[in-house]
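Down below is the structure, laid out as structure tokens.
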There are 2 protein chains.
Amino acid sequence: MKPERPRKRSNLRDVAKAAGVSVATVSRVLNAPQTVTPKTREKVEAAIRELRFVPSAAARAINSGRTRFVGALVPTLDNAIFAKFLAALEQKLGQSNLSLVVATTGNDPKIEAEKAQGLMNIGAEGLVLSGIHHDPTLYELIERTQVPAIATSYYAPQYDLPTIGYDNVLTSETAMKYLVGLGHTDIAVVHGQSDTNDRTRARLAGVANVTNAKVRYYNNGLSLMDGRVAAREIIKADVRPTAILCLSDVIAMGVLFELQRHGISVPDDISLMGMDDLPGASNVYPALTTVHLPVSRMGEAAAVAIAGWVEDREVPEHRLFEPTLMERESTARRS
Amino acid sequence: MKPERPRKRSNLRDVAKAAGVSVATVSRVLNAPQTVTPKTREKVEAAIRELRFVPSAAARAINSGRTRFVGALVPTLDNAIFAKFLAALEQKLGQSNLSLVVATTGNDPKIEAEKAQGLMNIGAEGLVLSGIHHDPTLYELIERTQVPAIATSYYAPQYDLPTIGYDNVLTSETAMKYLVGLGHTDIAVVHGQSDTNDRTRARLAGVANVTNAKVRYYNNGLSLMDGRVAAREIIKADVRPTAILCLSDVIAMGVLFELQRHGISVPDDISLMGMDDLPGASNVYPALTTVHLPVSRMGEAAAVAIAGWVEDREVPEHRLFEPTLMERESTARRS
DNA sequence: GAGCTTGATGAAACTGGTTACATCTGTCAA
DNA sequence: TTGACAGATGTAACCAGTTTCATCAAGCTC
């Protein structure tokens, strides 16, 4: 019952012929209708409808040199932190009439480099990267194509690419100092893979900067389940730490749920602290003390930066976003 | 210190001239290197490096008629259900060498139609929609451009576009029947906006299909905070319901946290059930009884469907994914 | 009625690739 | 020695738009 597929997509010349005008006139109807007499315009518009003409994006792009989309490379969409970032990025890019192509890298620099190449192959006008740890191939790609590229989630003013993000060292330092300030001297730190993730590495460095506490490290990935596994490890210890710092809220929530499961009260029996301030953090019970990272504002800033670079060739400045301690219910003074 | 930006991007002819060969040869070096003598190939490759030549994606696209990306329109990235969907979609599309452009609509059909137009303007080869409730302009766009488009999260075999998704009516019916089976006859149902969201509407219809229980409805949006607000409402009632069914896990978790905050035990004091089976559901304490929707498999199926349509003009079949009851710890027989 | 301006339209060049077809060179068999 | 054939390369057309510049007609002034 479907209408037969027209043998071929019609183009400008087809329309011009059908309307009895030149291609230039059709082009004008499309881009500057007011310069065309209403009478001819209507003829042309009728032909366009008749032939179901849809201008080819590629042909436009070849003339303007613009494709109007940028690519973003993130480790995963599973973690709300990146989803929130992309939401803000996409939202703000829309204001500059730019679209967002998303590619996930699974934290693998090789895959990231491949996907970046793929984005360039389809015509991305700019790249938004996560972190500052990338494959040489990717740097070479950026160098070769001279594509505008910024690094996010990480502030590093001496870095080759403009960075827009946080001082991840300071972030965990803030958290550690807060816990130490509450009297905790025996702290479990739960984190994700540090080998491929520069933010985790920086956060671990921040932890190490605070020397007046004993720290035990637990490395178990970045998921809720990983947090739960870590919690089981932690409570098995002969002498339990008095506080747990998780370098991501997702982990912290996993830890919290597992502690609850074992009847361990937070913060009465043990203090728990997260990092990122995801929507869940303020809503769980007890509400999670954490370090707020303004990920949405960062996403917007990244959008503005890459848009300005792409549109007006304005190379953006590095941009630092301050973390804020969110003191809530999951931490208490050491009893 | 940066090297001066070359006044202009170099193109095929520039390279050809520099290497002392024809444009055809350069093109061959790019696309079929084995057909070119090693000696000439090297000359050309040297020129390419020298001039920092990068082939134009648009020019390629104009010849192949392919842009190699599809667009996905989702209500939001804030809810993990869509993030998971997109993750699977992007992942699987990659296997067909297709990229994914993401656009968020905020559940507004007008915005959705605009963004869809935007996606077409930049050359999307296919569209993946959420749900089956769309603006007439969007249908018109699909009709006019004849772009492959599928609807997801919703199975509706009589729908114009191929649908890949669930029977949302059955999903909530399953949940209701389970609760009734546990002896609950006074159930609170918490849901998001039904005016713009067809899935919510279908789920409400499923609830209404189960008639042997008294149902009280609470409408408060789809966030954790909305769940908490609903919980406060629910416990204010003179006679509390014995079970709460939330038409989304996010809401259910919000309800759970608020109940915990008020010292109300789940499931001893009240049974709680969610829907979707997000990663959080199985990890919270008590683990949430819910209806599992295979969102990742659906995302993969959507990718395969749209890829097959775009690449091989195979119009996909409607595809139904079965929900599974996940009986966990948050529900109990009515005491 | 000649001269000038203004507005609408068309012809053709141009964007940057791919590719059909022609040409040229060299090898080998008859 | 010639013809056949294969392999490498070049010429030019082609994709589907935009844009420059020329042309032409209408309207206005003097």
Side-chain angles (χ1 to χ4, degrees), chain A residues 6-48 51-68 120-125 145-147, chain B residues 6-48 51-68 120-125 145-147:
Chain A
R7 36 255 137 261
K8 212 182 146 306
R9 239 179 101 173
S10 50
N11 61 27
L12 253 202
R13 331 256 164 192
D14 298 336
V15 175
K17 196 178 300 173
V21 298
S22 73
V23 290
T25 301
V26 180
S27 182
R28 283 184 198 106
V29 170
L30 259 31
N31 301 305
Q34 71 286 0
T35 68
V36 178
T37 307
K39 217 183 65 190
T40 27
R41 192 193 316 166
E42 266 161 46
K43 272 196 308 189
V44 173
E45 279 166 352
I48 286 176
L51 296 176
R52 302 169 159 280
F53 167 70
V54 184
S56 141
R60 287 202 150 147
I62 208 181
N63 286 291
S64 63
R66 300 289 313 270
T67 53
R68 303 214 74 82
M120 294 311 295
N121 287 347
I122 63 172
E125 292 192 63
T145 59
Q146 295 283 307
V147 64
Chain B
R7 35 251 139 260
K8 215 182 140 309
R9 233 177 107 172
S10 49
N11 62 24
L12 253 203
R13 332 254 168 194
D14 298 336
V15 175
K17 196 178 300 173
V21 299
S22 73
V23 289
T25 302
V26 180
S27 182
R28 282 185 200 108
V29 170
L30 260 29
N31 301 306
Q34 71 286 0
T35 67
V36 178
T37 307
K39 218 182 66 190
T40 28
R41 193 193 315 165
E42 265 162 45
K43 271 196 310 190
V44 172
E45 278 166 353
I48 286 175
L51 297 176
R52 302 170 157 282
F53 167 70
V54 185
S56 143
R60 288 202 150 146
I62 208 181
N63 286 292
S64 63
R66 301 289 313 268
T67 54
R68 302 214 74 84
M120 294 310 296
N121 287 347
I122 64 172
E125 291 191 62
T145 59
Q146 296 281 306
V147 65

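The sequence lines fix the lettering, A, B, ..., with proteins before strands; numbering per chain opens at 1. Because only heavy atoms are used, hydrogens play no part in the values below, and waters and symmetry mates are left out as well, while side chains stay in.
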Any donor-acceptor pair under 3.5 Å from [X] side chain to [Y] backbone:
{"X": "B:S27", "Y": "B:V23", "answer": "no"}
{"X": "A:E125", "Y": "A:T67", "answer": "yes"}
{"X": "B:T37", "Y": "B:K39", "answer": "no"}

Distance check: side-chain N/O of [X] vs OP1/OP2 of [N], anything under 4.0 Å?
{"X": "A:N31", "N": "D:dT18", "value": "yes"}
{"X": "A:S56", "N": "D:dA16", "value": "no"}
{"X": "A:T25", "N": "C:dT9", "value": "no"}

Item to complete: Taking the side chain as every heavy atom from C-beta outward, state whether B:M120 and A:V54 have any atom pair closer than 4.5 Å.
Response: no

Item to complete: With the side chain counted from C-beta on, respond yes when A:L51 and A:K17 share a heavy-atom pair under 4.5 Å apart, and no when they do not.
Response: no

Over how many whole Å does the gap from [X] atom [atom1] to [N] atom [atom2] extend?
{"X": "A:L12", "N": "D:dT19", "atom1": "CG", "atom2": "P", "answer": "12 Å"}
{"X": "A:N11", "N": "D:dC14", "atom1": "CG", "atom2": "P", "answer": "13 Å"}
{"X": "A:I48", "N": "D:dG17", "atom1": "CD1", "atom2": "C1'", "answer": "13 Å"}
{"X": "A:R60", "N": "D:dC15", "atom1": "CZ", "atom2": "C1'", "answer": "16 Å"}
{"X": "B:K17", "N": "D:dT11", "atom1": "NZ", "atom2": "P", "answer": "13 Å"}
{"X": "B:R41", "N": "D:dA8", "atom1": "CZ", "atom2": "C1'", "answer": "12 Å"}
{"X": "B:I62", "N": "D:dC14", "atom1": "CD1", "atom2": "C1'", "answer": "10 Å"}
{"X": "A:M120", "N": "C:dG17", "atom1": "CE", "atom2": "P", "answer": "13 Å"}

So what does [X] hit on the nucleic acid, given a heavy-atom distance under 4.0 Å: a base, only sugar-phosphate, or nothing?
{"X": "B:T40", "value": "sugar-phosphate"}
{"X": "A:S27", "value": "base"}
{"X": "A:T35", "value": "sugar-phosphate"}
{"X": "A:V54", "value": "sugar-phosphate"}

Worksheet item: What's the shortest heavy-atom distance between A:V21 and A:T40, and which atoms?
Response: CG1-CG2, 4.3 Å

Worksheet item: Which pair of non-hydrogen atoms, one from B:L30 and one from B:F53, has the smallest distance, and what is that distance?
Response: CD2-CE2, 3.7 Å

Discussion item. Can you tell me whether the side chain of A:R28 and the base of C:dG10 have a donor-acceptor pair closer than 3.5 Å?
Written reply: yes

Practice prompt. Tell me which of B:L30 and A:V21 sits closer to the 5' end of DNA chain C, going by the nucleotide each one is nearest to.
Written response: A:V21

Worksheet item: Of the nucleotides C:dT9, C:dG17, D:dT9, which has the atom closest to the B:T37 side chain?
Response: D:dT9

Worksheet item: Taking only residues two or more places apart in sequence, or in another chain, which ones meet A:T25 in a side chain to side chain donor-acceptor pair (under 3.5 Å)?
Response: A:S22

Quick one: which protein N/O atoms are closer than 3.5 Å to N/O atoms of nucleotides 12-14 of chain C? Pair and distance per line, please.
none

